[in-house]
Asker: 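This is the structure I want to talk about, given as structure tokens.
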Protein chains: 2
Amino acid sequence: MNLKELAERLGLSQTTVSRALNGYPEVSEATRERVTRAALQHGYTANANARRLAMGRVGAIGIIIPADSSQRFGPHTAEFLAGLAERLSAHEIDFLISPLINNDEISVYKRLISSKRVDAIIVSHPALVDERITMLAKAGFPFVLHGRTEADVPHSWLDIDNQGAFYQAASHLLDLGHRHIAMIDGLKGFTFSEHRELGYRQAHLERGLPIDERLIIHDRFSDDIGFAETLRLLSCEPQPTGIIAGSMMTALGVSRAIRAKGYQVGKQVSLIAHDDVFPYLNASNMVPSMTTTRSSIRAAGTRIAEMLMLQLDGAAVTAMQEVWPVELILRQSSGPPVR
Amino acid sequence: MNLKELAERLGLSQTTVSRALNGYPEVSEATRERVTRAALQHGYTANANARRLAMGRVGAIGIIIPADSSQRFGPHTAEFLAGLAERLSAHEIDFLISPLINNDEISVYKRLISSKRVDAIIVSHPALVDERITMLAKAGFPFVLHGRTEADVPHSWLDIDNQGAFYQAASHLLDLGHRHIAMIDGLKGFTFSEHRELGYRQAHLERGLPIDERLIIHDRFSDDIGFAETLRLLSCEPQPTGIIAGSMMTALGVSRAIRAKGYQVGKQVSLIAHDDVFPYLNASNMVPSMTTTRSSIRAAGTRIAEMLMLQLDGAAVTAMQEVWPVELILRQSSGPPVR
DNA sequence: CTTATTTTCCAAAGCGCTTTGGGAGGGATC
DNA sequence: GATCCCTCCCAAAGCGCTTTGGAAAATAAG
């Protein structure tokens with residue numbers, strides 16, 4: 001069943017049927033009603049490809065995911081996507097997930113743009129200097145960046161205050177009297193990771209306290225890494241009494257390692273984690289409950305979808321830029337150092 | 001830059017250019033070379049919509065995700081998608097994630113089909129009686145089911161041996177001498193959930209042991225639920241000495257609750273979890289290391305993508321059906337009951 | 001040197017939709 | 001009763017690609 005058939009069956013022109021279905025004012029309410037009913041009855045839906053071809057609009061936004069993706073297609077990405085979906089569903093917009101081939105992200109983006117399969121792109125995990133941003137901006141293709149970059153081209157982005165988060169966490173521990181604080185965060189090179197390290201350093205600097213470079217660790221976010229690195233850290237001399245973990249996954253490993261060494265979390269070793277808020281992992285329910293810097297990555301997804309819609313609807317396309325604050329929530333896993 | 005322009009610039013017809021780029025044999029190698037080079041140089045990629053419109057093929061497969069998706073868009077889905085991506089990327093096939101609106105899954109599927117946006121669909125989380133399967137089969141639309149259903153229509157599916165998994169887990173605990181074993185699994189109604197319960201019951205039945213219905217719990221997979229339910233269970237009389245958890249997330253909560261009650265995992269209370277294998281959560285690294293029934297959900301995704309490709313390539317479209325065995329891996333979290 | 005066969009390329013007809021630029025028909029206005 | 005203006009509808013021209021059915025050029029066969 002296509003438009004032509006439907007029109008014939010109704011004794012109307014294709015034009016009228018198309019207009020009736022797309023809500024144009026040039027058709028009478030009676031006809032519109034009749035058309036809508038017939039469409040429903042015959043299960044007619046416009047062929048999306050033809051529609052897009054004719055309109056030049058696509059009705060989908062693109063996201064690029066590494067193919068061998070243990071790395072980035074983890075729980076963070078999933079939550080983020082869930083947030084996007086929440087908002088985009090209202091607009092009947094789908095998303096197209098392109099697997100990343102050969103790690104040549106730039107060419108995947110170019111392919112996505114020139115094959116006209118998406119109206120806009122969401123870019124994630126920016127590095128401080130990120131070729132993708134300049135390329136997309138130069139190409140004039142609509143996109144929103146999740147995160148921040150130092151590129152000096154106008155574009156929309158949303159980021160959380162990663163520096164502030166780790167600044168608060170480190171400050172809190174330092175003020176409690178901790179003097180050897182480790183941080184186990186994400187991979188180096190990404191903006192969020194660098195910003196967090198900056199916050200950590202800033203807290204020390206402001207207090208005139210030295211930094212032990214061996215205590216700054218960058219790696220993937222995973223339970224394993226948290227566990228292994230913490231075991232290693234706790235064998236160092238002097239032993240760190242506080243640990244800041246970049247993700248809840250990491251924190252799970254850290255807290256296991258602390259227990260495995262025979263210490264108690266929040267006593268001999270304090271732990272603060274950054275919590276992206278996973279529905280299946282609740283910091284306040286943990287034992288001991290976990291002190292966290294919290295910011296919902298799902299909410300960020302929703303807001304980014306919104307920004308994208310605004311941008312696509314032409315409105316004020318002046319770049320929207322938002323930094324979300326991160327709150328430090330004190331719970332039982334952090335306390336003054338104990339001998 | 002479109003086909004027409006490119007053809008003009010090359011002094012060739014659109015036909016020839018199109019054929020050259022799509023590998024048809026009717027063009028000389030010399031011309032093909034020339035065309036390919038020019039396309040690359042001018043950054044030409046065929047407009048996907050026009051291409052699909054002309055060909056009737058789409059180059060994308062559809063997946064449906066709940067919009068308010070704390071429920072199902074969790075780590076399991078993410079891992080599964082990662083598996084799909086791994087395989088599909090080789091074929092330059094994208095996937096289209098349609099958010100589920102109003103929970104009316106059937107109509108979303110129908111829309112997806114009739115709008116011709118995907119070549120095939122992947123269906124997840126089947127119920128024992130699942131309307132979607134019969135609908136898709138009747139419509140003759142290519143799809144692969146992740147899981148199983150009782151519908152008597154020919155279709156491809158891949159499932160793991162959920163019944164066997166819980167049968168093994170329960171049997172192991174029973175054989176160790178446990179007599180009060182709880183299971184905290186996924187929501188009722190889904191096939192996997194029912195099959196697991198079946199396995200659990202079978203183990204008891206075969207040994208002529210009674211089942212305490214209060215010990216069978218169905219709910220979402222989450223840390224919280226695991227925690228709360230376990231606290232409740234451990235206040236029951238008689239107290240269960242073994243718990244089987246349907247997911248690693250649940251198991252995290254369970255093991256926290258066990259410790260919170262002052263017991264040790266693997267001593268007073270044994271714990272076996274089903275492990276879908278998350279790269280950021282490693283059962284053997286836990287403390288104590290976790291006895292699991294293991295089956296990689298990512299691998300399942302990869303295989304399902306493969307089945308889909310086979311089906312689309314027309315080959316033997318006789319329904320492919322696979323049940324993957326699940327292995328019980330004994331570690332420290334399960335042992336004989338201790339007073 | 002013809003004639004039959006390939007090889008190599010092309011014009012034009014769709015694919016199913018949106019949208020431009022009008023054209024009937026029916027009230028309202030004078 | 002003629003004129004004007006809406007309201008409601010339509011024919012036809014794209015959107016950018018693939019593919020059918022030939023035709024011209026090059027090669028092989030007689």
Side-chain angles (χ1 to χ4, degrees), chain A residues 1-39 42-60 92 94 111-119 312, chain B residues 1-39 42-60 92 94 110-119:
Chain A
M1 172 65 66
N2 55 20
L3 184 61
K4 194 171 157 195
E5 264 178 72
L6 187 65
E8 272 169 9
R9 208 173 286 236
L10 280 162
L12 289 171
S13 77
Q14 295 187 40
T15 312
T16 306
V17 175
S18 166
R19 287 189 160 148
L21 292 175
N22 292 319
Y24 282 70
E26 294 99 330
V27 305
S28 69
E29 269 317 310
T31 332
R32 189 191 306 283
E33 171 74 11
R34 203 158 66 90
V35 172
T36 315
R37 195 188 310 278
H42 294 95
Y44 169 78
T45 323
N47 176 311
N49 296 315
R51 181 162 224 266
R52 293 162 176 178
L53 178 57
M55 297 208 300
R57 252 248 200 172
V58 178
E92 294 237 330
D94 300 312
R111 179 171 75 92
L112 213 51
I113 293 177
S114 69
S115 68
K116 303 242 165 64
R117 282 208 277 220
V118 295
D119 293 317
L312 286 179
Chain B
M1 172 63 65
N2 55 21
L3 184 61
K4 195 170 156 194
E5 264 179 70
L6 187 66
E8 273 169 9
R9 208 173 287 237
L10 280 162
L12 289 172
S13 77
Q14 296 187 38
T15 311
T16 306
V17 176
S18 166
R19 286 190 161 149
L21 292 176
N22 292 319
Y24 282 71
E26 294 98 331
V27 305
S28 68
E29 269 317 310
T31 336
R32 188 192 306 283
E33 172 73 13
R34 202 159 66 90
V35 171
T36 315
R37 195 189 311 278
H42 294 93
Y44 169 78
T45 322
N47 176 311
N49 296 315
R51 182 162 224 266
R52 293 162 175 176
L53 178 57
M55 297 207 302
R57 251 246 201 175
V58 177
E92 295 236 330
D94 301 313
K110 283 189 173 157
R111 179 171 75 90
L112 214 50
I113 294 177
S114 68
S115 68
K116 304 241 164 62
R117 282 207 277 219
V118 295
D119 294 317

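Just so you know, these numbers come straight off a predicted model, no measurement behind them. Chain naming here is simple, since letters A, B, ... match the order of the sequence lines and numbering starts at 1 in each. Heavy atoms only: backbone and side chains are in, while hydrogens, waters and symmetry mates are out.
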Asker: Could you check if a side-chain atom of A/N47 sits within less than 4.5 angstrom of a side-chain atom of A/N2, using non-hydrogen atoms only?
Answerer: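 Sidechains of A/N2 and A/N47: no contact.
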Asker: Got a second to check how far A/T36's OG1 is from A/E29's CD, nearest 0.5 Å?
Answerer: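 A/T36 OG1 to A/E29 CD: 8.5 Å, rounded to 0.5 Å.
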Asker: Between B/V17 and B/A50, which has a closest nucleotide on DNA chain C that is more 5'?
Answerer: B/V17
Asker: Just to be sure I understand the rule, does B/N49 reach a base, reach only the sugar-phosphate, or reach nothing, if contact means heavy atoms closer than 4.0 Å?
Answerer: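 Contact class for B/N49: none.
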Asker: As an exercise, state the distance from CG of A/L10 to CD of A/E8, rounded to the nearest 0.5 Å.
Answerer: 10.5 Å
Asker: Does A/T15 have a side-chain nitrogen or oxygen under 4.0 Å from the phosphate oxygens OP1 or OP2 of D/dC9?
Answerer: no
Asker: Can you name the closest pair of heavy atoms from B/Q14 and B/K4 and give their distance?
Answerer: NE2-CG, 3.5 Å
Asker: Is any side-chain heavy atom of A/H42 closer than 4.5 Å to one of A/E5?
Answerer: no
Asker: For A/Y24 and B/M55, take the nucleotide of DNA chain C holding the closest heavy atom to each; which residue's nucleotide lies nearer the 5' end?
Answerer: B/M55
Asker: Closest heavy-atom contact between B/L21 and B/Y44?
Answerer: CD1-CE2, 3.6 Å
Asker: Specify the closest pair of heavy atoms between A/A20 and A/V27, including all atoms of both residues, with the distance to one decimal.
Answerer: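 A/A20 and A/V27 have their closest heavy atoms at CA-CG2, 3.8 Å.
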Asker: Specify the closest pair of heavy atoms between A/A50 and B/L53, including all atoms of both residues, with the distance to one decimal.
Answerer: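 Here A/A50 and B/L53 meet closest at CB-CD1, 3.7 Å.
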Asker: Report yes if some heavy atom in the side chain of B/R51 is under 4.5 Å from a heavy atom in the side chain of B/N22; otherwise report no.
Answerer: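 The answer is yes; the side chains approach within 4.5 Å.
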Asker: Nearest 0.5 Å, please: how far is OG in A/S18 from CG in A/L6?
Answerer: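 Answer rounded to 0.5 Å: 11.0 Å.
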Asker: For the helix from C/dC1-D/dG30 to C/dC30-D/dG1, measure the angle between the helix axis at one end and the axis at the other, each built from five pairs, rounding to 10°.
Answerer: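 End axes: 40° apart.
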Asker: Tell me, please, the opening and closing nucleotides of DNA chain C, 5' to 3', among those with an atom under 4.0 angstrom from a non-hydrogen atom of chain A.
Answerer: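 Footprint of chain A along DNA chain C, 5' to 3': C/dG16 to C/dG21.
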Asker: Charged N to carboxylate O under 4.0 angstrom, A/E33 versus A/R37?
Answerer: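 Salt bridge: yes.
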Asker: So if I take residues 28-39 of chain A and measure heavy-atom distances to DNA chain D, which residues fall below 4.0 Å?
Answerer: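 Result for residues 28-39 of chain A: A/S28, A/T31, sorted by number.
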Asker: Expressed as a whole number of angstroms, how long is the span from A/R19:CZ to D/dT7:C1'?
Answerer: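 One finds 12 Å between C1' of D/dT7 and CZ of A/R19, rounded.
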